[in-house]
Amino acid sequence: MGFTHFNEQGRANMVDISEKAETTRVATAASSIEVNKETYDKITSQEIGKGDVLAVSQIAGIMAAKKTSDLIPMCHPLFIKGVNIEFNWTEKEGKYRLLIEATVKTKGSTGVEMEALTAATVCALTAYDMCKAIDKGMVIGPTYLLTKTGGKSGDFTREQGLTDWGV
């Protein structure tokens, strides 16, 4: 299958999805942000001066999912039916990583992979913004699609996740 976002002249176009069947579509994407111990301690004890990092990041991620078509030129505006963001911490060799999973759901003619990826990424960016006064050395990523269901291209499940830090 070739690239779908180019017309016969080789120029960018938004794919016509008018003939595609409406199905339930769900996508989950992951990202992460690695922080130092001081930042981890301040986030988990809610001592960051800008507020509750996880609560603000969660709201930012939900808002980002809803605004994806405003950010990514070829994304279709969607009626999103649900967004869920989950956070988990891991520690390895004195480094702390906030694992972020964003799940987006709709019923429509196109998938929500970009919405899930955008949500996860914006969560990490928001955490960085809220903590940058303490730790400018934070590292964001990797960011990737974990699962996707529904639609013509079928289902997708990534075999390897963030928890092993090997991605």
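Computation of the quantities below employed the complete heavy-atom set of this structure, encompassing side-chain atoms and omitting hydrogens, waters and symmetry-equivalent molecules. Fair warning: this is a prediction, and the values are worked out from it, not measured in the lab.
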* Check: Lys42 side chain, Glu38 main-chain N or O, donor-acceptor pair, under 3.5 Å -> no

Going by chain and number, the hydrophobic cluster around Phe156 (ILVMFWY, side chain to side chain under 4.5 Å) further includes Leu145

In Leu54, Thr103, Val104, Ile62, the residue satisfying side-chain contact (heavy atoms from CB on, under 4.5 Å) with Ile85 is Ile62

Applied to residues 108-125, the side chain to side chain donor-acceptor pair (under 3.5 Å) test, sequence neighbours excluded, yields none

Residues at least two apart in sequence or cross-chain that pass side-chain contact (heavy atoms from CB on, under 4.5 Å) with Leu117, listed by chain then number, are Ala29, Met114, Thr143

Nearest heavy-atom approach of Pro73 to Leu71 is CD-O, 3.6 Å

So the side chain to side chain donor-acceptor pair (under 3.5 Å) pairs with at least one residue in residues 49-59 (sequence neighbours excluded) are Gln46-Asp52

Quick note, ring pair (Phe, Tyr, Trp, His ring centres under 6.0 Å) partners involving residues 26-56, not counting sequence neighbours, are Tyr40-Trp89, Tyr40-Tyr96

Value for NE2 (His76) from CG (Leu78), rounded to nearest 0.5 Å, stands at 8.5 Å

- request: Under the side chain to side chain contact (heavy atoms under 4.5 Å, CB included) rule, what do Ile140 and Ser31 come out as? Steps first, then yes or no, please.
  value: CA-CA 7 Å; Ile140 293 173; Ser31 191; 4.2 Å; yes

Cluster membership besides Val26, Ile/Leu/Val/Met/Phe/Trp/Tyr side chains within less than 4.5 angstrom, sorted by chain and number, is none

When every non-hydrogen atom of Ala120 is compared with those of Ala30, the smallest separation belongs to CB-C, 4.1 Å

On a heavy-atom basis, the closest approach of Arg97 and Pro142 is NH1-CD, 4.2 Å

Excluding Val139, membership of its hydrophobic cluster (Ile, Leu, Val, Met, Phe, Trp, Tyr; side-chain heavy atoms within less than 4.5 Å) reads none

Just checking, any donor-acceptor pair under 3.5 angstrom between side chains of Glu86 and Asn84? yes

State whether a side-chain donor-acceptor pair under 3.5 Å links Asp129 with Thr126.
-> no

The complete set of salt bridge (Lys or Arg N to Asp or Glu O under 4.0 Å) pairs with one or both residues in residues 61-71, sequence neighbours excluded, reads Lys67-Asp70

For Asp41 and Ser45 the tightest heavy-atom approach is O-OG, 2.7 Å

So ring pair (Phe, Tyr, Trp, His ring centres under 6.0 Å) across residues 105-143, not counting sequence neighbours, yields none

Note: with side-chain heavy atoms under 4.5 Å as the link, the other cluster members for Met63 come out as Ile59

On a heavy-atom basis, the closest approach of Asp155 and Thr149 is OD1-CA, 3.2 Å

Sequence neighbours excluded, the answer for ring pair (Phe, Tyr, Trp, His ring centres under 6.0 Å) partners of Phe87 is none

On a heavy-atom basis, the closest approach of Gly61 and Val122 is N-CG1, 4.4 Å

Interatomic distance, CD1@Ile43 vs CD1@Ile48, rounded to 0.5 Å, equals 5.5 Å

Per side-chain contact (heavy atoms from CB on, under 4.5 Å), Ile33 is matched among Leu98, Leu125, Asp135 by Leu98

To the nearest 0.5 Å, atom OG1 of Thr23 lies from atom NZ of Lys152 at 12.5 Å

NZ of Lys148 to OG1 of Thr28, rounded to nearest 0.5 Å, is 12.0 Å

The complete set of salt bridge (Lys or Arg N to Asp or Glu O under 4.0 Å) pairs with one or both residues in residues 99-112, sequence neighbours excluded, reads none

